[in-house]
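In what follows, every chain begins at residue 1, and chains take the letters A, B, ... in the order their sequences are listed. As a basis for the values below, the full set of heavy atoms in this structure was taken, side chains included, without hydrogen atoms, waters or symmetry mates. What you see is a predicted model, and the numbers here were worked out from it, not measured in a lab.
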Amino acid sequence: MPELPEVETIRRELAAHVSGRTIRRAQVLDARLVQGRAVDEFEQRLSGARVQTADRRGKYLLLRLDACVLVLHLMMSGRVHLRPAADVQPHTRLVLTLDRDPAVHLVDVRRFGRAWAADAADLRDILGRLGPEPLGGGFDWRTLQASFRNRRVAVKSALLDQRAVAGVGNIYADEALFTARIHPTTPAGQLSQAQLQALADGVTAALTSGIANFGTSFSTFETTQGTAGENQTRLHVFRRTGQPCPRCGAPIRRMVVGQRGTHFCGECQREA
DNA sequence: CATTGGACCTGACCGC
DNA sequence: TGCGGTCAGGTCCAAT
């Protein structure tokens with residue numbers, strides 16, 4: 001599920017509901033979730049801590065506590081739910097019981113999600129290699145140019161590299177390339193300045209739309225309230241194989257790039 | 001260094 | 001109904 005717009009949607013809901021609350025108890029229900037320290041130490045670090053704010057860096061969710069930062073990465077299937085502490089549903093991996101309901105539940109079917117109770121040094125290790133925040137002002141065609149220089153990989157793969165720009169995943173990479181009219185397998189280092197500018201704009205536009213529509217959900221809910229996002233109705237190409245391109249009407253095609261399903265318009269996005 | 005392929009997990013869905 | 005294969009919004013690591 002979660003790329004930058006989905007994580008940002010969750011962050012906003014968490015900020016509204018848990019800022020200023022105290023974590024009475026942290027229960028890890030799947031030891032594989034916890035990174036960097038023992039499970040009991042992780043739980044102890046969180047228990048009793050007050051939540052200051054909810055932040056985000058790329059696809060990482062950051063709950064800033066008094067003495068450390070709870071870092072969550074939801075990977076493919078992780079979700080954050082706000083519901084009563086006693087209402088623990090299947091596949092729940094972490095429950096943060098606060099000083100009043102609702103509690104924070106991390107639910108993750110595939111168990112790829114990760115969590116850290118991070119100090120400042122841990123935070124540098126975890127976040128240190130991320131590229132610029134795409135909506136944070138430090139991102140433009142020049143940062144893409146610097147990252148893509150001399151790279152022969154498909155631009156789709158280069159966009160998914162979090163060192164280039166933080167937070168873009170499979171949905172928004174396809175959408176950004178469509179908006180920029182760039183074929184997904186174009187070697188990253190071969191893009192013209194005009195193409196890099198269009199791509200930077202496409203990334204920004206796709207992510208901004210995703211946030212405005214509360215994220216993209218397929219078949220299953222993802223906001224903390226259990227409601228679906230709305231962005232899936234606004235997508236131009238992603239998972240629209242065979243349906244008409246909104247720009248020219250040609251059928252959207254699907255191919256595999258870097259082992260990821262990739263959707264594009266063969267007419268609007270010509271091979272170089 | 002850059003790039004590729006596999007691994008990590010579970011569940012849904014499709015065709016036979 | 002059961003079985004096998006494919007697919008899924010991400011990242012890391014080993015091999016080349």
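Separating the NZ atom of A:Lys156 from the C1' atom of C:dG10 is a distance of 12 Å, rounded to the nearest angstrom. Atoms CG (A:Asn150) and C1' (B:dC1) sit 11 Å apart, rounded to a whole Å. One can place CZ of A:Arg239 at 6 Å from P of C:dA8, the figure rounded to the nearest angstrom. Atoms CZ (A:Arg163) and C1' (C:dG10) sit 15 Å apart, rounded to a whole Å. Atom CG in A:Leu33 sits about 15 Å away from atom C1' in C:dG10, given to the nearest Å. As rounded to whole Å, 7 Å separates atom P of C:dA8 from atom CZ of A:Phe238. Counting to the nearest Å, the C1' atom of B:dC8 and the CZ atom of A:Arg93 are 13 Å from each other. Taking atom CG of A:Leu74 as the reference point, atom C1' of C:dG10 lies 11 Å away to the nearest angstrom.
For the pair A:Arg111 and B:dG11, the criterion of a side-chain N or O lying under 4.0 Å from OP1 or OP2 is not met. Note on A:Arg151: a side-chain N or O is less than 4.0 Å away from OP1 or OP2 of B:dT3. Remark: A:His91 is in phosphate contact with B:dG11, judged by side-chain N or O atoms under 4.0 Å from OP1 or OP2. In this model, the phosphate group of B:dC9 is approached by a side-chain N or O of A:Arg32 to a distance below 4.0 Å at OP1 or OP2.
For residues 131-156 of chain A, no pair satisfies ring pair (Phe, Tyr, Trp, His ring centres under 6.0 Å), with sequence neighbours left out. For residues 236-266 of chain A, the pairs satisfying ring pair (Phe, Tyr, Trp, His ring centres under 6.0 Å) are A:Phe178-A:His236, A:His183-A:Phe264, A:Phe218-A:Phe238, A:Phe238-A:His263, with sequence neighbours left out.
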Close N or O pairs between protein and nucleotides 3-5 of chain C (under 3.5 Å):
none

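Residues A:Thr262 and A:Val256 fail the side-chain proximity criterion, which asks for heavy atoms closer than 4.5 Å. For the pair A:Gln232 and A:Ser217, the minimum side-chain heavy-atom distance is below 4.5 Å. A:Ile126 has its side chain out of reach of A:His73: every pair of non-hydrogen atoms, C-beta onward, lies at least 4.5 Å apart.
Note that the CD atom of A:Gln225 and the CZ atom of A:Arg83 stand 10.5 Å from one another [nearest 0.5 Å]. Annotation: the span from A:Leu63 atom CG to A:Leu14 atom CG amounts to 5.5 Å, rounded to 0.5 Å.
The backbone N or O of A:Thr224 lies less than 3.5 Å from a partner atom in the side chain of A:Glu13, making a donor-acceptor pair. Using a distance-only test at 3.5 Å, with no hydrogens or angles considered, a donor-acceptor pair links the side chain of A:Arg93 to the main chain of A:His91.
Side-chain atoms of A:Thr216 lie closest to C:dG9 of the nucleotides B:dT10, C:dG9, B:dT3.
Ring planes of A:Trp116 and A:Tyr60: tilted class, angle from 30 to 60°.
When the P atom is used for both B:dG6 and C:dT6, the distance is 13 Å, rounded to whole Å. Across C:dC3 and B:dC9, the matching P atoms stand 24 Å from one another, rounded to whole Å. Taking atom C1' in both B:dT3 and C:dG9, one finds a spacing of 23 Å when rounded to whole Å.
A:Leu98 and A:Leu94 fall within the same hydrophobic cluster, defined by Ile, Leu, Val, Met, Phe, Trp and Tyr side-chain heavy atoms under 4.5 Å apart, directly or through other members.
At a cut-off of 3.5 angstrom, the base of C:dA8 holds at least one donor-acceptor pair with the side chain of A:Arg110.
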Spell out protein contact along nucleotides 11-16 of chain C as letters: B when the base is contacted, S when just the sugar-phosphate is, - when no protein heavy atom is under 4.0 Å; keep the 5' to 3' order. SS----
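Base pairing in DNA chain B gives the following stems of 3 or more Watson-Crick or G-U pairs, range against range and under 3.5 Å: B:2-8 with C:10-16, B:10-16 with C:2-8.
For A:Phe112 and C:dG10, the ring-to-base geometry satisfies the stacking test (centroid distance below 5.5 Å, interplanar angle below 30°).
Taking the salt bridge (charged side-chain N to carboxylate O under 4.0 Å, His left out) definition, one finds that A:Arg239 meets it with nothing, sequence neighbours left out.
Under a cut-off of 6.0 angstrom, the local environment of CG in A:Asp40 is crowded, with over 12 non-hydrogen atoms contributed by other residues, nucleotides or ligands.
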